[in-house]
Each structure stands twice: as C-alpha cells, then as structure tokens.
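Each chain gets a letter, A, B and so on, in the order the sequences are listed, and its residues count up from 1.
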Amino acid sequence: MADILPKGYEPHDVEVRWRTHWEENKTFSPSPDAPGESYSIVIPPPNVTGALHMGHALNLTLIDVLCRHARQKGKNVLWVPGTDHAGIATQNVVERVLAKEGKKRTDLGREAFVQRVWQWREEYGHRILKQIAALGASVDWDRLRFTMDEGLSAAVRKVFVQLYNEGLIYKGDYIINWCSRCHTALADDEVEHEPSKGRLWKARYELTDGSGTIVVATTRPETIPGDTAVCVHPEDARYAAFIGKKVRVPVIGREVPVIADAYVEREFGTGALKVTPCHDHNDWLLGSRHKLEFLQVIDEDGIMKTEAGPYAGLTKQECREKIVADMEVAGLLEGVEDLEHAVGHCYRCHTVVEPHVSTQWFVATTKMAPAARAAVPAATQIFPESWLKTYYHWLDNIRDWCISRQIWWGHRIPAWTCQDCGRLIVAEEAPDVCPDCGSSRLVQDEDVLDTWFSSSLWPFSTMGWPDDTKELSRWYPTSVLVTGFDILFFWVARMIMMGQHFMKEMPFRHVYMHALVRDASGRKMSKSTGNVIDPLEMINKYGCDALRFTLTAFAAMGRDIRLSEERIEGYRHFVNKLWNAARFTLMNLPETAPQAVDLHTIQGLHHQWILHRLECVKAEMDSALDDYRFNDAAQLGYKFLWNEFCDWYLELIKPDMQSEDVARRETAQYVLWLVLRELVILLHPIMPFVTAEIWQALPVAQGQKAGDLALEPYPAARPHCLRPDEAARMELIQGVIVAVRTIKAELGISPSHKVSLLLHPADAAQQALLEENRGLMLTLARLESLDMGMNLEAPKASASAVVQGCQIIVPLRGAVDLAGELARLDKEMQKLEKDLTGVNIKLSNESFVSRAPAEVVERERARAAQLADAREKLTALRARFAEALAEE
RNA sequence: GGGCAGUUAGCUCAGUUGGUAGAGCACCGCCUUCACACGGCGGGGGCCACAGGUUCAAGUCCUGUACUGCCCACCA
C-alpha cells in the first residue's frame, strides 16, 4: 500500500513547499527557443504601493488558470510579472509618511523626495510581489519588470520623442482638470463625477444701455469675476433683443458682450448662461468659438488672483460667500435654489477638481482613435462582446490626452528649454547645448508623465523594446489581456493605440474583461466602508486552492461577483473532498503504478461508465477554458469529482477492491489510478497546490519518480472510451439503487438495514443487464438478497417503484409504517399523472406533431409510453398493497 | 441625457445555438457504512420581475414597463 496522506488537507505547508519548488526550479521561466506555440500574457501591473485585494486575486487566478492550461496543451508560455510606479498614488503615500514626520515634500526638494520614494519602494515594493506569489501565480520571476526601471524608462523616452516628432505629442495652453490637493493636472478619465448637493444662484446682469437685465443662473458664483460674456440661445425670443449688446458683470462692473450659441439649454435655469472661459470646460469651448477674452481669476491653489479685483487673495469658498453677500446688498441676487448636480473629484485623493487653464503636454489621441477603433474586433476580440459598444463610444468621443503631471514621482518629460533663445528641445538624452544658439543654459521641463503613459507600452516594453529581443519575436503580440473593465479606457484602449503605432500590430489577440469583486451585498469593496475580504486572510484560513476555486467558479462572463466568506469555506470542503478521494485511492493501490489494462476491451459497466464520463469532461473542460467560460470549467470539475467519481465510482469499486479475484481487483486499481490521475491534471490549473501534492503521492512505474504536475501535459483523448450506450445502461442500475434508498428513507428503514429486493424487469435484455450487475446493486443498495424474474411471486405487503419499466419490490417485514408507503405511492403517482398529462397535451396537439422535428416528437412519444407504463405498473402494485393493508 | 448589464428555490448564483427548470449554502428527516461529519443517504422548496409578441414549443428570441446596479456625458 502506498503512503497514506494525512486525514485532512492542510494547505499551508503544501503551498510553501510547492511555491518554493517552482521558484527554485524556474519552472515558469520559459526559453524563447523552447518548442511549442507561443502563448503570452502580461500582468496588469499592480501599484508598487499596493496590497493584494480581491480584484487582484481574481485577475491573477484567471490568468494563472489560462497559463497553466496553456502549458498543459504544450504551448510555450510566458507570463510577465511586474509593478507600476503609480505616480500620484505613490507620491501621495510617501507624502503621508513625511507628514507624520512633520515634513512636506517641498522641505526635502525634488531630488531628495524622489530618492525617498525609491527608498520607500525598496522597503515595501516586495510586499505585493510576495502576495502575487502566495496566490500561486505561475509568473516568470526572471522577467520581472517595473515601469520605472531603466529599460522601460528608455522606452518611454523613445516613444515620447517619436510621437513629438510626428506631431502626435504637443504642448499647449488648454483647460484641464486640476487637483489643487495633488497639485497636478489630471486626464479626463481621472476625474470621477459624483452627484452632489449644490445651489443655483440667480444673478442679475444689467444691460449697459439700461434697456433691461438678464438673469443668469450659476452654481459657482466665485467665477463671476472671470466672466467674459453672457450667452443665450439664438432662437430664444426672451433674449433676442439683447444679443450683441453688453451687460455689466455684477459687483465687478466690467462690461461683457451678450452672445448667442445653440449650446445653451433654454429650459434650464433662466435660459441664460454666464461664460467663464478659464474656469469651465464648456465655457472654454464657447470662448474659443466666439473669440472671447480669457480671464483667469483662480490660481492653482484655489486662491483668487489679482484679476479677481476686490476678491483677490480670498479662497474660492470665501470668495463665493462674499460675492453672494455683495450681490445681495447690491440687489443683484434674484434668488437661490437647491440643485443636485455632478461634481468632478480627483480619483486619487477625492478633492473637488477645478477646471484650470495651464500649459500642458498632450497626446493627440483624437488622431489615433480611428485605427484603434477599426482593429476591434477585426484584429482583437473583446470578451464579453458587450464591451465593444462601450469601447467604440469612448473612442468616438475622445479628446486629446493630457499627459503632463505636476508631480515629482514619474518619468520626467524629456524636453528642455534654452534659457537664452527659448528653443524647445525634445530628446531621448539630455542635450549639452542648444542646437540653435549653443547655450548650455538648458532647463528640463519640470513635469512628469501620466502613469498610464508608461503602462500603455507595457506589452512590448516589458519584452525589451526598443531592442530587437528574442522575447519580442517569440511572444509579441500577447495572446490575451485579462483585466477588470474599470481600466478599459485608462489602459486597454491606450495599449492598443501604442501597440498599433510602434509595433504595427495589436498588442493582444483577445481581451477578456472580468467583473468587479463586490461584497455580499453588492457594494464595492473598500477600506473606508470596511467590507474588504482580504485574500491573504482567506488563504490563511481556507487555503489558496479554496480561494482560487471560488473565484474561478464565480467568474461568469459579464457579471459582478458578490463574494462571501461562506462560499470560500464551502469550496474548502471541495478541496478536502479531492484530498480524501486521493487518500482512498492510495489506500487501494499498490506501491507502483498498476499494470495497464486494455481499455478497448475492458469489462465492467462501472468502469466503462466512468471512463466514458472522464472523456466527456476532458473535452468539455478544454473547450470551456478556450472560451473563457471559467465558471463552467470549475463546475465541470466539481460535479465530476463529487457527484460521479466519489458518490458513485468509488463506492462501486469497493467490492472489487475486496475481491479475491486478482484480475478483477487489478482492473479496478488501474482504472481508479488512471481516472484520478487525469482528474488531478484537469483540476490543476484551478487548484495547483493540492493537485501537485496528490500527484506526487500517486504511484508511478517501478524505478520512476513522480514528476512535477505543473509540467504534465493535458491528457490525450481516448475516443474508444466514449461509450454512450454503456453510460446510459449505468443509469438503470443507478435508478434501481436510488429507488431502494428512497423507499428505505421514506419508510423510516435505517439505511444500513439490509432488505430483500425483488426485480421484475421490463424485458429479457433488461434482465440480462441487471443480472450482470447484481453485485453493484447488492452493495450500493445494501441488500440482503436480490431475486429477479418475469414471473416473481411478490408478497402483497411490499413497497414498490418503477424505474425504466423495471418493477422494484421491497417486501416489508416487521414494524414498518405501511400507511406511509401508501402515501408515498400516491405522491409518486400524482407526479406521474401530472407529467403524463403534460406530455399527452403536447402529443395531441396537431401542429406539434406535424411541425416539431421528428426526433423531438419521437422523444415525447417514448416518454409518454414510459410514463404510461410506469403508471399502469404502479397502479397494479398499489392495488396489491392496498389489499395487504386491508388484510392487516 | 445617452449607453450597458441584471431581475430564476430563503440566500449567492449557473442555465453554450429555443425542446421535461439546476448547483452551493441554508432548511427537514435518517445514518458513528472500514477516503472524507470539511462526510453519507433521502426530502421539501421556483406562475424563471411584469405585460405583450414571434413559434408546434420561450427562463432562453423580439417589443414595451417597473425596479436595481454600473459606465459615459459640456444642463450652467
């Protein structure tokens, strides 16, 4: 007998051992020269500052399932790991650390601060990597990358310079989103709009010619000093006479024109709009369209500038209060009402974002969008498809991408300005002198690039671009990008643009967008709400495989995941079930692998059945993973292991294992060994640790050593094992067993109490089948005796059932509740009657019989016949039983 | 305002081309059966949100309604 595993699966030691084994053996570091079709995935790089959360856990699990499966299929698999420097997020974290020391970043100065961030990264950057490893991710640690490492930084500079030279990067004064807390510009999609309660003030703008007033509605009175026009709809009769005239800005007194633009919504507010081009995105457009004056009155710290006249020096909030009060005194305030409207917040620190005009760098994504649009789904497919529309919509409405950030942590923009002649130099390396005037007084641009700029190069920069590396030719483009839909725009769309532009090829063939992980009541998990389920804690409590299986089983396409701890606990039971199935197997196998049996000629319905089922599951699981139907794959494994292999097969072979007949025992041992082996391979991508451990314990041929399951190929198909007819016959045996069990349970007979069973088969063929498999029924139904025949003399006082036309008769002896059996039969017959009526209605429907496919009609006819037969037999059995009752 | 999902057993969710409604957990019985009580066996529980339509046949396809959630958006 082989080594016996511990009774309960204890994940921790097993996980540590295998993780170490895989790392030390570089099992997942592929050679570009190795054979096999290329398969590659780049990790969505987590923030260096980050800690692993459930979103990562889901993402990494799914990618790992794909990678391990691809390896099994003989592909040459590269999974590139790495982290993102996460500009604003990381800078904020380190600033908070400094704040605890009572310092600000400006106290340190730029260089010292950046040093400090690097130092911080040295200390804490490993945490997230360890956590990725803890999840069992089969990444190639030799190819670990960081968005700010030397190679990637060089790639960033090269891309920047080339795009600049091609006119796809430009610098200019535009209105952007400004976070006064982070003190930087933000891209459009870094602003989160949230409904907030605000107020709508109505201010009077008097016409300079005294011919009247226009009342204007605003939510931001503090911008009044920056007004350079009032705008109405060109067809609005109320204001037609005012167009072209001038009005006086309240309190300020400055004269501004009344202009007309169809953009104005006549129904909203008063139908008149004040235009502040420097402090509102729409007004910026209006200002450009109508060539208005651009007057900036709020600075980047949220303080009113000198241009704000009497309000200079006040904060935005102070200015708002004062200007409202002043208008009231001046009688220029018409009213105030409450208003619910969307206000933009910084996605990193949640401060209200201020539209702000400043000099920034932009990528002309408006020019790159059409190609990115056209390539999907032609060159790259998105799963689930429903995201396609969203992708198109975003590209169709895209604006140029503001890439400069006024922070210190990140890739510094490779642009220098000559202090003497003003020449702007954009170059990959710092120039020594100005090419125009020869001056060496060159000053580099203070800004750094948006984090997503370097992320957008990730699929090729991690593989060594711009160098012509083996990795690039072997593994670019990548096979699939797996990520949450929340970064479709931030990341996926931009990677597509950059990949197309620089590699002339899409960066991935497929995009699989998975759901967001939410808590049990559907809320987004977040630290502040305190509803976070920590993956590492779950791994500690239930084991990594249980967590991974849970996430895989939940990952149905296009749906959010509501995770609860109970569910993980539930799947821990599944892991344990597998473990114990393996223990049973080991207890019943010899030291070395059992002698092979010819599966073409193998006898024994139960063997034929389980081999048949195994073939089905192999094929189905394979195609489920090919289609990214992760939940189906998990479900298939679950059901096969538990409901077929454990519940039936292991029970069915117990008598074989006790048998004196050596051939019979050895056949069972071989099939058992083979099915468990392959099942363990199938489950390995989802549950790598427990399966690797079991694999290693399974006996192998004399003189051989158990290998590493991670290197084991997917089991080849065995078409000759597909035996649908035998599998169907198995259902009769199972039906008989279940019927006896049900009778026992419902009549209060102890399951372990052995009863006699009489079978009255439907025909001779059935009788032969039953006779052949009497052993199976004897054990699983726990029978004392089993008699069968067409002319059996059954005692009247018997419980009965009908399965596939076979009458099942269990003579009742002793203190059995006879009335209970009558009730049970009645219930059974009621159900039969209901089904039969349903089928008959269908069959008596002329158009069904004539229009439905013949095979469907045939199936219904057969079913009707069977139901009628069962009813007839049960009626007779019930009548006999009633007689017995009466005789009592 | 536009777009996209979801609405199936008490709870969380499956349900691949339309063809007899499923799982896990929870619940109710019975069981110390020699792999597993993280277990076994059996059972109860559903007008598949609502209203129409297509079809011999609809949880599944179409239209509309309601509610929930998400994304996008330049109504101040």
Side-chain angles (χ1 to χ4, degrees), chain A residues 4-5 7-9 189 193 200 216-220 223 231 263-276 280-286 339 341-342 384 386-387 389-390 393-394 397 485-486 488-489 516 518 520 522-524 542 546 553-554 556 558-564 566-567 569-588 623-624 627 629 631-632 635 638-639 643 646-647 650-651 654 658 738 741-746 748-752 779 782 835 838-839 842 845-853 855-857 859-860 863:
Chain A
I4 293 184
L5 304 168
K7 188 169 170 179
Y9 174 60
D189 45 17
H193 289 93
L200 192 62
V216 164
T218 180
T219 52
R220 303 186 57 212
T223 63
C231 188
Y263 157 70
V264 175
E265 205 65 52
R266 274 171 282 186
E267 285 70 35
F268 188 87
T270 60
L273 174 71
K274 70 184 210 54
V275 186
T276 322
D280 185 281
H281 288 100
N282 314 312
D283 294 6
W284 168 269
L285 295 174
L286 280 175
L339 178 78
H341 65 144
S386 54
W387 285 102
K389 267 194 179 178
T390 313
H393 183 262
W394 187 74
N397 294 283
F485 59 75
D486 49 331
L488 174 64
F489 310 135
L516 247 45
R518 300 174 178 281
R523 294 170 306 175
K524 211 166 172 170
Y542 306 109
F554 258 123
R559 253 223 180 199
D560 281 353
I561 294 175
R562 293 192 185 198
L563 192 68
S564 66
E566 292 75 47
R567 195 73 184 241
E569 193 181 354
Y571 284 121
R572 176 185 57 166
H573 300 173
F574 176 67
V575 177
N576 196 56
K577 188 76 178 176
L578 172 62
W579 183 254
N580 277 289
R583 283 185 68 221
F584 173 83
T585 304
L586 290 173
M587 287 173 176
N588 287 286
S623 74
D627 299 345
R629 287 181 285 116
N631 58 321
D632 285 350
Q635 182 90 334
Y638 188 99
K639 287 191 161 175
N643 303 125
C646 290
D647 287 351
L650 295 188
E651 297 304 323
K654 279 177 181 174
Q658 308 303 322
V738 168
R741 283 173 178 169
T742 307
I743 286 171
K744 283 192 192 177
E746 302 236 318
I749 302 168
S750 163
S752 57
T779 338
R782 294 179 162 269
D835 289 354
V839 183
K842 226 177 191 179
N845 182 346
E846 193 55 43
S847 40
F848 170 73
V849 179
S850 58
R851 298 199 195 197
E855 58 174 62
V856 173
V857 178
R859 198 161 60 226
E860 291 299 315
R863 185 159 169 255

Undergrad: Let me know the distance between CG of Asn643(A) and C1' of C36(B), rounded to the nearest Å.
TA: 15 Å

Undergrad: Using whole Å, report how far OH of Tyr638(A) lies from P of C38(B).
TA: 14 Å

Undergrad: Base, sugar-phosphate, or nothing for Glu569(A), non-hydrogen atoms under 4.0 angstrom?
TA: nothing

Undergrad: Which base, if any, makes a Watson-Crick or G-U wobble pair with A23(B), both distances under 3.5 Å?
TA: U12(B)

Undergrad: Can Thr742(A) and Lys744(A) be counted as having a side-chain donor-acceptor contact under 3.5 angstrom?
TA: no

Undergrad: Paired with C47(B): which nucleotide, if any, by Watson-Crick or G-U wobble criteria at under 3.5 Å for both distances?
TA: none

Undergrad: Ignoring hydrogens and angles, does a donor from either the side chain of Glu860(A) or the base of A57(B) sit under 3.5 Å from an acceptor on the other?
TA: no

Undergrad: Distance check needed: G42(B) P versus Arg741(A) CZ, whole Å only.
TA: 5 Å

Undergrad: For G1(B), what is the paired nucleotide under Watson-Crick or G-U wobble rules, both distances under 3.5 Å?
TA: C72(B)

Undergrad: What is the pairing partner of G42(B), taking Watson-Crick or G-U wobble pairs with both distances under 3.5 Å in any strand?
TA: C28(B)

Undergrad: I want to confirm an ordering. Mapping Arg567(A) and Pro751(A) to their closest nucleotides on RNA chain B, which one lands closer to the 5' end?
TA: Arg567(A)

Undergrad: Side-chain N or O of His573(A) versus OP1/OP2 of G39(B): is the shortest distance under 4.0 Å?
TA: yes

Undergrad: Quick one: does Lys842(A)'s side chain get under 4.5 Å of Val849(A)'s, heavy atoms only?
TA: no

Undergrad: Parallel under 30°, tilted from 30 to 60°, perpendicular over 60°: which one fits the rings of Trp394(A) and Phe489(A)?
TA: parallel

Undergrad: Considering Watson-Crick and G-U wobble pairs with both distances under 3.5 Å, what does U7(B) pair with?
TA: A66(B)

Undergrad: Counting only side-chain heavy atoms from C-beta out, which of C72(B), C31(B), A76(B) sits nearest to Ser750(A)?
TA: C31(B)

Undergrad: So what does Val275(A) touch, heavy atoms closer than 4.0 Å: a base, only the sugar-phosphate, or nothing?
TA: nothing

Undergrad: Using purine N1 to pyrimidine N3 plus N6-O4 or O6-N4 for Watson-Crick, or N1-O2 and O6-N3 for G-U wobble, both under 3.5 Å, which nucleotide pairs with U33(B)?
TA: none

Undergrad: What I'd like to find out is whether the side chain of Asn631(A) reaches to under 4.5 Å of the side chain of Phe554(A), using heavy atoms alone.
TA: no

Undergrad: For the base of C38(B), is there a side-chain donor-acceptor partner from Lys577(A) under 3.5 Å away?
TA: no

Undergrad: Does A57(B) have a Watson-Crick or wobble partner in any strand here, with both distances under 3.5 angstrom, and which is it?
TA: none

Undergrad: Can you tell me the distance, in whole Å, between the NZ atom of Lys389(A) and the P atom of A5(B)?
TA: 7 Å

Undergrad: Pick the P atom in U7(B) and in G43(B), then give their distance to the nearest Å.
TA: 29 Å

